[in-house]
Amino acid sequence: MAKPKYWLIKSEPSVYAYAQLAQDGKTEWTGVRNFEARNNIRAMKPGDLCLYYHSNEDKAVVGVAQVLTPPGPDSTAPDEDWAATFMGPVTAFTQPVALATIKATASLKDFPLVTRGRLSVAPVTATHFKQVLKLGKTALPA
DNA sequence: GCCAACGTTGGC
DNA sequence: GCCAACGTTGGC
């Protein structure tokens with residue numbers, strides 16, 4: 001498979017937590033209602049890896065998800081021009097990486113959670129992705 | 001629960 | 001095409 005791209009996706013744990021994704025095995029990632037986030041979804045391809053951030057209650061990156069399908073229309077808004085993909089679980093972090101930790105890490109100064117707090121789907125560099133994995137004390141499954 | 005940040009909308 | 005008003009998000 002081609003080299004994956006990396007993303008940050010956000011969800012409120014009370015709406016759809018990572019544990020729910022792990023339990024479901026896959027879910028349609030819907031509800032994005034922001035043009036920039038939509039365009040980011042449209043740039044996704046199967047095999048891309050996503051850091052999964054819990055906003056509000058947790059304020060921490062808690063795991064890694066992966067893109068399962070090419071982006072298509074958001075089935076929750078069939079008459080509007082939005083996008084969605086199916087996501088599957090990859091691994092939960094051994095240790096969640098708190099927003100405060102990310103903000104306190106100099107090399108993550110440009111991480112999208114810091115610079116673009118409200119963007120729900122954002123690209124992440126391979127370097128940042130690896131750093132967050134390390135902070136989460138987690139390795140990707142082989 | 002408050003408020004700051006920011007994206008979107010709509011009037012001009 | 002600008003910009004003020006508004007609504008929503010999300011950290012604190």
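Numbers restart at 1 for each chain; the letters A, B, ... are given by sequence-line order, proteins then strands.
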Exercise for the section: Whole angstrom is fine here: how far is it from CG in A:Leu113 over to P in C:dT9? Expected result: 16 Å
Practice task
Assign A:Arg33 to base, sugar-phosphate, or nothing according to its heavy-atom contacts below 4.0 angstrom with the strands shown.
Solution key: nothing
Exercise for the section: Starting at atom NZ of A:Lys59, determine the distance to atom C1' of C:dC12, rounded to an integer number of angstrom. Expected result: 6 Å
Completion exercise
When rounded to whole Å, the CD to P distance for the pair A:Glu80 and B:dT9 reads 10 Å
Problem - CA sep, side-chain torsions, deciding dist, call: A:Trp82, A:Phe35, ring-ring contact (aromatic ring centres under 6.0 Å, His included) - result: CA-CA 8 Å; A:Trp82 297 111; A:Phe35 294 121; 5.3 Å; yes
Handout entry: From B:dA5, B:dT8, C:dG11, nucleotide with atom closest to A:Arg118 side chain
Key = B:dA5
Exercise for the section: Would you kindly give the CG-to-P distance between A:Leu119 and C:dG10, to the nearest whole Å? Expected result: 9 Å
Problem - Atom pair distance, as rounded to whole Å: CZ in A:Arg38 and P in B:dT8 - result: 9 Å
Completion exercise
Taking every heavy atom of A:Lys5 against every heavy atom of A:Asp48, the minimum-distance pair comes out as N-OD1, 2.9 Å
Practice task
Round to a whole Å and report the spacing from CG of A:Asn40 to P of B:dG7.
Solution key: 12 Å
Practice task
Applying side-chain contact (heavy atoms from CB on, under 4.5 Å), run through A:Gln66 and A:Lys26 and close with a yes or a no.
Solution key: CA-CA 9 Å; A:Gln66 81 180 124; A:Lys26 71 170 180 177; over 6 Å; no
Practice task
Mind calculating the distance between CZ (A:Phe35) and C1' (B:dC6) to the nearest angstrom?
Solution key: 14 Å
Exercise for the section: For A:Leu99, answer base if it contacts any base atom (sugar-phosphate contacts may also be present), sugar-phosphate if it contacts only those atoms, and nothing otherwise; contact means non-hydrogen atoms under 4.0 Å. Expected result: sugar-phosphate
Problem - Among A:Thr138, A:Val62, A:Val61, A:Leu135, side-chain contact (heavy atoms from CB on, under 4.5 Å) partner for A:Pro96 - result: A:Val62
Exercise for the section: Please determine if A:Arg38 and A:Asp81 form a salt bridge, counting it only when a charged side-chain N lies under 4.0 Å from a carboxylate O. Expected result: yes
Practice task
For A:Asn56 and C:dT9, give me the distance from atom CG to atom C1', rounded to whole Å.
Solution key: 8 Å
Exercise for the section: Determine: side-chain N/O of A:Lys10 to OP1/OP2 of C:dG10, distance under 4.0 Å, yes or no. Expected result: yes
Problem - Any A:Tyr53 side-chain N or O less than 4.0 Å from OP1/OP2 of C:dG11 - result: yes
Practice task
Just call it for A:Asn34: base, sugar-phosphate, or nothing, with non-hydrogen atoms closer than 4.0 Å on any strand.
Solution key: sugar-phosphate
